[in-house]
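In what follows, a single structure is set out as structure tokens and then discussed.
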Number of protein chains: 2
Amino acid sequence: MGTAERLIEATRELLRERGYVGTSPRAVQRRSGVGQGSMYHHFDGKPALALAAVRRSAGQLRAAAEADPGGEGSAAERVRAYLRRERSVLRGCRIGGLARAPDVVADPELRRPLEETFDRLRGRIAAVLREGRERGEFTASLDPAATAATIVAVVQGGYVLARSAASPDPFRQAVEGLIALLDAHTTA
Amino acid sequence: MGTAERLIEATRELLRERGYVGTSPRAVQRRSGVGQGSMYHHFDGKPALALAAVRRSAGQLRAAAEADPGGEGSAAERVRAYLRRERSVLRGCRIGGLARAPDVVADPELRRPLEETFDRLRGRIAAVLREGRERGEFTASLDPAATAATIVAVVQGGYVLARSAASPDPFRQAVEGLIALLDAHTTA
DNA sequence: GTCTATAGTTGGATAGAC
DNA sequence: GTCTATCCAACTATAGAC
């Protein structure tokens with residue numbers, strides 16, 4: 001694994017564990033085993049390091065999102081599969097977790113991957129819902145875009161509840177509650 | 001306003017603006033106008049300061065939660081009122097925002113107010129839903145506890161989406177999507 | 001109770017040798 | 001490309017005077 005590679009991976013780990021503010025270039029050096037001079041040779045500083053890490057995480061999340069509801073089954077089944085997908089609930093979302101950091105939100109370049117990721121995710125889910133509605137799987141009253149936002153919000157909010165409770169239970173509960181609500185819109 | 005009072009309020013502001021890691025005793029001193037020695041006379045250090053601030057915020061959120069769905073109207077109306085309540089969406093939730101900080105989650109004393117707040121909030125909403133179901137407002141298939149978790153998660157997740165987009169729109173959308181889903185369970 | 005002084009550590013980065 | 005040296009500000013707190 002190349003040097004830049006190791007730096008990016010170490011930064012991704014630290015961003016997830018300690019957040020943006022809690023992640024220091026020093027810690028990245030220790031975690032990656034890369035020296036000071038070497039690190040600053042490859043990256044300008046903390047924001048540059050974070051940008052590379054965030055871009056990679058965003059790319060991976062996007063890829064996973066496009067793979068997942070791309071599977072077979074009815075639209076409702078695909079949404080359920082997305083909601084019940086295995087997640088390390090207590091560690092939280094690599095992308096959503098950064099939305100709390102003022103430095104991230106204030107920097108347009110750092111914030112953009114967050115916005116794009118959630119935009120695409122909502123768009124992807126909305127497309128599945130729309131398709132399902134057109135096939136008569138859902139009642140006509142279901143609003144694909146709004147419902148997609150709800151679905152993504154439940155996942156992100158589930159992380160918050162789970163961490164607050166130090167247990168994945170509230171996450172699961174929120175997800176199952178949503179699935180039950182969606183079922184009422186299903187005409188199968 | 002007393003000295004301790006000013007310290008707590010300054011800490012609450014900073015916790016919201018900068019998070020736990022980003023909030024330093026120094027900044028609290030500057031914001032509150034209280035000197036170094038004075039601050040350490042009243043509070044042991046950063047965790048003690050944060051604990052006092054978090055407890056107060058938790059108490060206020062709890063009070064608001066008990067006042068809000070205690071209003072008149074059907075259960076569905078009360079839930080809608082809660083979901084549409086005015087919020088400073090881009091600033092995020094004082095309590096939920098802290099769930100990202102490892103230092104908060106790792107400290108049982110600091111985490112407890114978060115857990116309690118969300119437990120009570122879910123309990124309160126579940127009670128409203130249960131009442132509504134018993135009065136025949138909702139279909140029998142509606143699970144009060146799970147649905148309450150979903151409702152709270154949508155709000156918390158809405159904050160995340162809004163901050164990522166630097167716009168309150170995704171929050172509103174997620175909330176309206178949820179309301180539409182709930183309507184399908186309403187027998188009115 | 002409040003103030004000033006002090007102190008060790010980390011953060012975030014630059015400079016220049018190799 | 002990588003290493004070591006160096007830098008200054010901020011963090012978090014303690015000590016002791018008033």
Side-chain angles (χ1 to χ4, degrees), chain A residues 1-56 97-98 100-111, chain B residues 1-56 97-98 100-111:
Chain A
M1 199 165 45
T3 305
E5 201 62 24
R6 275 184 297 151
L7 286 165
I8 292 176
E9 283 307 313
T11 305
R12 283 188 356 118
E13 286 176 22
L14 287 165
L15 283 179
R16 187 171 209 179
E17 292 171 19
R18 328 251 328 138
Y20 183 82
V21 189
T23 297
S24 70
R26 276 178 168 237
V28 171
Q29 291 156 36
R30 275 195 301 274
R31 177 78 58 115
S32 64
V34 171
Q36 181 93 332
S38 187
M39 193 202 85
Y40 277 102
H41 171 75
H42 290 282
F43 294 96
D44 243 22
K46 176 170 172 169
L49 224 27
L51 185 57
V54 168
R55 282 192 174 144
R56 171 165 308 178
L98 294 170
R100 289 288 164 189
D103 292 341
V104 170
V105 168
D107 181 338
E109 216 173 6
L110 266 175
R111 188 181 60 76
Chain B
M1 199 163 47
T3 305
E5 201 62 24
R6 275 183 299 151
L7 285 166
I8 293 175
E9 283 308 312
T11 304
R12 283 186 357 115
E13 286 176 24
L14 287 165
L15 283 179
R16 188 171 209 178
E17 291 170 20
R18 325 252 328 136
Y20 183 82
V21 189
T23 295
S24 70
R26 276 187 165 229
V28 171
Q29 292 157 34
R30 275 194 304 273
R31 178 79 57 116
S32 65
V34 171
Q36 180 94 333
S38 187
M39 192 202 85
Y40 277 101
H41 172 75
H42 290 281
F43 294 96
D44 243 21
K46 177 170 172 169
L49 224 26
L51 185 57
V54 168
R55 282 191 174 144
R56 170 164 307 178
L98 294 171
R100 288 288 165 188
D103 292 342
V104 170
V105 168
D107 181 339
E109 217 174 7
L110 266 174
R111 188 182 58 77

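Chain A is the first sequence line, chain B the second, and so forth, proteins listed ahead of strands; every chain is numbered from 1.
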Side-chain atoms of B/Pro25 come closest, of C/dG12, D/dC3, D/dT12, to D/dT12
Over all atoms of both residues, closest heavy-atom pair of A/Ala52 and A/Phe43: CB-CE2, 3.7 Å
Between C1' of D/dT2 and CZ of A/Phe43, the distance in whole Å: 15 Å
Think B/His41 has a side-chain N or O under 4.0 angstrom from the OP1 or OP2 of C/dC3? no
From CZ of A/Arg26 across to P of D/dA5 the rounded distance in Å is 14 Å
Side chains of A/Leu110 and A/Tyr20: does their closest heavy-atom pair fall under 4.5 Å? yes
Check this for me: does any side-chain nitrogen of one of B/Glu9 and B/Arg12 sit under 4.0 Å from a carboxylate oxygen of the other? yes
What integer distance in Å separates B/Arg30:CZ from D/dT12:P? 11 Å
Figure out the CG/C1' separation between B/Asp44 and D/dT14, and round it to whole Å. 12 Å
Please check if the number of heavy atoms outside A/Glu5 that lie under 6.0 Å from its CD is greater than 12. yes
Given D/dT2, C/dA13, D/dA10, which nucleotide is nearest the side-chain atoms of A/His42? D/dT2
A/Arg18 has an atom CZ; how far is it from atom C1' of C/dT10, in whole Å? 12 Å
Establish, with yes or no, whether the OP1 or OP2 oxygen of C/dT2 is under 4.0 angstrom from a side-chain nitrogen or oxygen of B/Thr3. yes
Among C/dA13, D/dT12, D/dT2, which is the nearest nucleotide to the side chain of A/Ser38? D/dT2
Would you mind reading off the distance between B/Leu7 atom CG and C/dG1 atom P, rounded to a whole angstrom? 14 Å
Starting the side chain at C-beta, find the nucleotide from D/dT4, D/dT2, C/dT2 nearest to A/Gln36. D/dT4
For A/Gln29 and D/dC3, what is the distance between atoms CD and C1' respectively, to the nearest whole Å? 12 Å
Considering heavy-atom distances to DNA chain C, does A/Gly37 or A/Gly22 have its closest nucleotide positioned more toward the 5' end? A/Gly22
May I have the distance from A/Leu14 (atom CG) to C/dT10 (atom P), rounded to whole angstrom? 15 Å
With a 4.5 Å cut-off on side-chain heavy atoms, are B/Leu7 and B/Met39 touching? yes
